[in-house]
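Numbers here are sequence positions counted from 1. For ligands, and for the atoms within them, numbers begin at 1 and follow the listed sequence.
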Amino acid sequence: MRIPIREVTPSTPRAEVYGWVHEIRDLGGLAFLLVRDRTGIIQVTVPKKGASEEVLTTVKEVSRESLVRVKGVVKAMAKAPGGREIVPDLIEVVGAAASPLPLDVAEKVPADLDTRLDARFLDARRPRVSAVFQIRSAILLAVQNYLSAEGFLQVTTPKVVAAATEGGTELFPIAYFEKEAFLNQSPQLYKQMLMGAGFERVFEIGPIFRAEEHNTTKHLNEATSIDVEASFMDHAGVMHLLEDIIATSYQTVAATCADQVANLGLTDFDVPKTPFPRLPYTEAIEIAARRTGGDIKYGDDIGTAAERAIGEEMREHYFITEWPTAIKPYYAMPCEDDPAVCQAFDLMHPRMELSSGSRRVHIYDVLLKQMRAKGLSAESFSFYLTPFRYGMPPHAGWGLGAERLVMTMCDLSNIREAVLFPRDRHRLVP
Ligand code: ATP
Ligand code: MG
């Protein structure tokens, strides 16, 4: 019976494993195969004297990255990976790999990111790469468990929509029968409507589509958003929820993905301490101006250079709070005492923005006014606005980029490494 390679120990008498041929070495009297599955690597040692004709032929002819089935006796071997080896009585090629390989899985030949992404199925055979996706899976599961335990309903909302969330031109138009439609840039409007439905607490983990033409290391054209909306909570409440979720994700990864963390070489994997500092927007701007020497001023967006400068000063996760109403979306609630400032926040990792959120406008007239102020036509949003006329509770929420969370947690230099098959300006295949 097949067992995972990791479970073969020096005291296992016999084992049958399936794995890919990682390396082949011929030392004259002895031949070695290193065989790898997702759990580890094992040495298969073939003494040329005493091995069967079939085993010898297979070892001679098998190509790297072929899938093989190996059965044999397990022996302790201090110098081999995991301190054990298999001396096989059977090696069967289950799936032969063609040569040459589009990518060297053993990483003897370094490959650039484009080559790796073109041959992603081979790239993902690398322990370092598969570790990223095991960690990603652990994070998403931790988030789901956390939110379910807090009474959040998991929902899925349409990705094919008729109107933009925030206006602007960052939408992918698609042909939808005789109508024009778009790929949704955010579930924002739908999760707010569900507050009107009385669901109280919802979350969605799903794709968002942004047609921005940027080509950066932190933007994708199709990303995954962890979206939360909660009634009867204000921005302070959902900020607390957000920092707790970040800390829980790190804790879960530390507790359940120790091997993956080691594979990624993350030697100081620290769970961020909560609460995260709250940095008012005005102070953030001051730091950016001081550190960059640039002319950033009140009312400006915080761009990449500013973001980096502030991150260098903060050196931990932090929130930017008290944003000018003018540079946040129409659905962010202005402060009662100063409507030029709104109850919005961004969650920042020292390297980049991870999440944006706010307390929302739940009052129909205010929402209408703010939409018009941003030049949006209320008519095309009537499906969204109507629920606000029938008992909309006060509510707040945020959207957290899953890839940015994975990227910053795993210390990846490019967001494309945090998604299996990235979509960017130039990449539509595979
Ligand atoms: P940025 O200013 O960094 O481009 P944003 O403010 O436009 O981000 P939001 O609309 O606030 O993004 O979306 C909420 C979160 O979703 C972001 O903080 C980010 O983590 C993630 N996100 C948004 N757009 C992208 C994208 N193009 N690629 C990857 N993640 C994204
Ligand atoms: Mg944002």
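- The nearest protein atom to atom 12 (O) of ligand 1, hydrogens excluded, is given as Arg210 NH1, 3.6 Å; this is a heavy-atom distance.
- When only non-hydrogen protein atoms are considered, atom 28 (N) of ligand 1 lies nearest to Leu220 N, 2.9 Å.
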Derivation of the side chain to side chain contact (heavy atoms under 4.5 Å, CB included) call for Met352 and Arg404: CA-CA 8 Å; Met352 74 193 75; Arg404 292 205 186 161; 3.5 Å; yes
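- The environment of His214 atom NE2 is dense: over 12 non-hydrogen atoms of other residues, nucleotides or ligands sit within 6.0 angstrom.
- Without hydrogens or angle criteria, His349 side chain to Arg351 main chain gives a donor-acceptor distance under 3.5 Å.
- When atom types are taken as modelled, the side chain of Asp301 and the backbone of Ile327 share no donor-acceptor pair closer than 3.5 angstrom.
- Other residues, nucleotides and ligands contribute more than 12 heavy atoms inside 6.0 Å of the CZ atom of Arg69.
- Within the listing of ligand 1, atoms 18 (O) sit less than 4.0 angstrom from a heavy atom of Ser355.
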The test is side chain to side chain contact (heavy atoms under 4.5 Å, CB included); show your working for Ser249 and Val143 and say whether it passes. CA-CA 7 Å; Ser249 306; Val143 170; 4.0 Å; yes
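- Considering backbone and side-chain N/O atoms, Leu354 comes within less than 3.5 Å of an N/O atom of ligand 1.
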What's the verdict on side chain to side chain donor-acceptor pair (under 3.5 Å) for Glu204 and Thr156, showing C-alpha distance, side-chain angles and the deciding distance? CA-CA 6 Å; Glu204 172 165 9; Thr156 53; 5.6 Å; no
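- The Mg ion (ligand 2) lies at 2.8 Å or more from every N, O or S atom belonging to Ser355.
- For a threshold of 3.5 Å applied to N or O pairs, the pair formed by Gly401 and ligand 1 contains at least one separation below that value.
- Contact between Ser225 and ligand 1 is absent, with no heavy atom of the residue lying under 4.0 Å from the ligand.
- Each of the following atoms of ligand 1 lies closer than 4.0 Å to a heavy atom of Ala223: 28 (N), 29 (C), 30 (N).
- Residue His214 places no N or O, backbone or side chain, under 3.5 Å from any N or O of ligand 1.
- For atom 5 (P) of ligand 1, the candidate residues are Gln185, Glu353, Glu307; the nearest heavy-atom contact is made by Glu353.
- Nearest protein neighbour of atom 22 (N) of ligand 1, counting heavy atoms only, is Ile208 CD1, 4.2 Å.
- Classification of the His395-Phe388 ring pair by plane angle, with boundaries at 30° and 60°, yields tilted.
- More than 12 heavy atoms of other residues, nucleotides or ligands sit less than 6.0 Å from atom NZ of Lys374.
- Side chains of Asp244 and Tyr146: a donor on one and an acceptor on the other come within 3.5 Å.
- For ligand 1, the atoms closer than 4.0 angstrom to any heavy atom of Gly399 are 14 (C), 15 (C).
- At the top of the distance list for atom 4 (O) of ligand 1, counting protein heavy atoms only, stands His219 NE2, 2.5 Å.
- Counting atoms of ligand 1 from 1 in the listed order, those under 4.0 Å from a heavy atom of Ser356 are 11 (O).
- Within Glu353, the N/O/S atom positioned nearest the Mg ion (ligand 2) carries the name OE2.
- Atom 19 (C) of ligand 1 has as its closest protein heavy atom Arg404 NH1, 3.6 Å.
- Atoms of ligand 1 found under 4.0 Å from any heavy atom of Ile415, numbered from 1 in the order shown, are 29 (C).
- For the residue pair Glu229 / Gln192, no side-chain donor-acceptor distance below 3.5 Å is found, with atom types taken as modelled.
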